[in-house]
Peer 1: 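If you scroll down you'll find the structure; I have some questions about it.
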Amino acid sequence: MKMWKEHAAVKGMYDFDYVLSRMCFDPLIKADRGERWVEIPVRLEDEKHIVRVQAAGDTQNPEFLIQSDSLDQKELLIDYIYQLFQWEKDLSIIYSHFQQTDLAPLFKKHQGTPVVRDFHLYDCLMKTIIHQQLNMKFAYTLTSRFVERFGEQKDGVWFYPTPEKVARLQYDDLRKLQFSQRKAEYVIDTSRLIADNEINLDELSEKTDEEVIQEITKIRGIGVWTAENWLLFGVGRDDFLPAADIGIQNALKIFMNRDKKPQKEEIYEMSKDWSPYRSYASLVLWRSIEKN
DNA sequence: AACCAGGGAAGAT
DNA sequence: ATCTTCCATGGT
């Protein structure tokens, strides 16, 4: 039973069905592509809320219905959803920008691909560490085990464990889930830093790209790839292209008809034209090598 | 059965 | 500073 509903009309273009298809890769996300909705877990000051977002329009005329039974936090939750899906951003401007670059055909084919943020900064960081160097299938399996074992579920919607909870775990608790020793250390040690307030992700997310990368890569287990992915998917920044990412390299190899994957230096060079929207280039490149 | 996967740290030049 | 090796496990 939903206590309130809110309608949202979004400027430009927005391919919500693609967003849903991506979310459905993640077994932890409760979504229905046929009925075009997803239920978002939102933690606000220790309270767990669930917000349902449902598509009402189409890519060229995006409209949405937002619903929740958390009556007291309505305005805050609506704002949260807008930031999550980045509805205030007009994707037709970004589309125009890329029509003057070599990626024009990809943007024509995949119109309205938005940067959608992960549900929480901490969740994103943990997920990104867990996903390091693993194929997507096993990466999602491992993340699911982590959340289903130590997180919390409410009305069928999964919430990641808090940093405080993960900080109290032993490395062996994660090894039992088939984490490597290293990965177990990275996840738990980073959570301890956060729980002890030596790292504050909310404050960090306000700083410049360069400051974030410099600070966060000081943490053992977090390199440049993880920092860039956190900025892109966690914070929702516009201008990141993880040049070391194997998926980006493969996509560029195919798009440019090469026989070898381009390396980091070459990728940085060719991506200059894509700035200040390199995150959107990343998204369509990843999208270009998806099956279906 | 080898090689790869949406890397990163530690050791070796 | 930059290059190489090892970590750890599932997928193809």
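Letters A, B, ... mirror the listed sequences (proteins, then strands); counts begin at 1.
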Peer 1: With rounding to whole Å, what would you report as the distance between B:dG6 and C:dT5 at their P atoms?
Peer 2: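 Per the computed distance, 23 Å lies between those P atoms.
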Peer 1: Kindly say if A:K264 contacts the phosphate of C:dT2, meaning a side-chain N or O under 4.0 Å from OP1 or OP2.
Peer 2: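 False: A:K264 side-chain N/O out of range (4.0 Å or more) of C:dT2 OP1/OP2.
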Peer 1: Look at the side-chain N and O atoms of A:R22 and state whether any lies under 4.0 Å from the OP1 or OP2 oxygen of B:dG6.
Peer 2: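 Answer is no, no contact under 4.0 Å.
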Peer 1: Specify the separation, in whole Å, of atom CD1 of A:I130 and atom P of C:dT9.
Peer 2: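 Rounded to whole Å, this separation is 15 Å.
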Peer 1: Indicate, with a heavy-atom threshold strictly under 4.0 Å, whether A:N229 touches base, sugar-phosphate, or nothing.
Peer 2: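 It contacts base atoms.
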Peer 1: Roughly, in whole Å, what's the span from NZ in A:K253 to C1' in B:dC4?
Peer 2: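 Computing the A:K253:NZ to B:dC4:C1' distance gives 12 Å.
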Peer 1: Once you apply a heavy-atom cut-off of 4.0 Å, does A:K127 come out as touching a base, just sugar-phosphate, or nothing?
Peer 2: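 Touches nothing.
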Peer 1: Would you kindly give the CZ-to-C1' distance between A:F179 and C:dA8, to the nearest whole Å?
Peer 2: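 Taking atom C1' of C:dA8 as the reference, CZ of A:F179 is at 12 Å.
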Peer 1: Might you point out which heavy atoms bring A:S279 and A:F240 nearest each other, and give the distance in Å?
Peer 2: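 Heavy atoms only, the tightest pair is OG-N, 2.9 Å.
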Peer 1: Quick one: does any side-chain atom of A:T208 pair with a main-chain N or O of A:E211 as donor and acceptor, under 3.5 Å?
Peer 2: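 Checking the backbone N and O of A:E211 against the side chain of A:T208, a donor-acceptor pair under 3.5 Å is found.
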Peer 1: Would you kindly give the NZ-to-P distance between A:K183 and C:dG10, to the nearest whole Å?
Peer 2: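 To the nearest whole Å, that distance equals 13 Å.
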Peer 1: Heavy atoms under 4.0 Å is the rule here; annotate nucleotides 7-13 of chain B 5' to 3' with B where the base is hit, S where only the sugar-phosphate is, and - elsewhere.
Peer 2: BBSS---
Peer 1: Using every non-hydrogen atom in the two residues, find where A:T190 and A:R220 come nearest and quote the distance to one decimal.
Peer 2: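 Closest pair (atom of A:T190, atom of A:R220, distance): OG1-O, 4.2 Å.
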Peer 1: Please classify the nucleic acid contact of A:F233 as base, sugar-phosphate, or nothing, using heavy-atom distances under 4.0 Å.
Peer 2: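 Base contact - A:F233 has a heavy atom under 4.0 Å of at least one base atom.
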Peer 1: Between A:D173 and A:R149, does the salt bridge (charged side-chain N to carboxylate O under 4.0 Å, His left out) criterion hold? Intermediate values first, please.
Peer 2: CA-CA 10 Å; A:D173 294 329; A:R149 175 70 185 82; over 6 Å; no
Peer 1: Please report the distance, rounded to the nearest Å, between CG in A:N250 and P in C:dT12.
Peer 2: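 Rounded to whole Å, this separation is 15 Å.
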Peer 1: Within the 4.5 Å heavy-atom criterion, are A:H120 and A:Y160 side-chain neighbours or not?
Peer 2: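 No. Closest side-chain heavy atoms not under 4.5 Å.
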Peer 1: Measure CE/A:M136 against P/B:dA5 and give the value in whole Å, please.
Peer 2: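 About 13 Å, once rounded to whole Å.
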Peer 1: Could you tell me how far B:dA9 sits from C:dG10 if I compare only their P atoms? Round to whole Å.
Peer 2: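 Here C:dG10 and B:dA9 have their P atoms 23 Å from each other.
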Peer 1: To the nearest angstrom, how far is A:K137 atom NZ from B:dG6 atom P?
Peer 2: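 These atoms are roughly 13 Å apart.
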Peer 1: Return the orientation label for the A:F85 and A:W87 ring planes: parallel under 30°, perpendicular over 60°, tilted otherwise.
Peer 2: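 Geometry flag for A:W87 against A:F85: parallel rings.
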Peer 1: What is the separation between atom NZ on A:K261 and atom P on B:dA5, rounded to the nearest whole Å?
Peer 2: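 Value for this atom pair: 5 Å.
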Peer 1: Counting only heavy atoms from other residues, nucleotides and ligands, does the tally under 6.0 Å from CD of A:Q153 exceed 12?
Peer 2: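 Buried by this count: over 12 neighbours within 6.0 Å.
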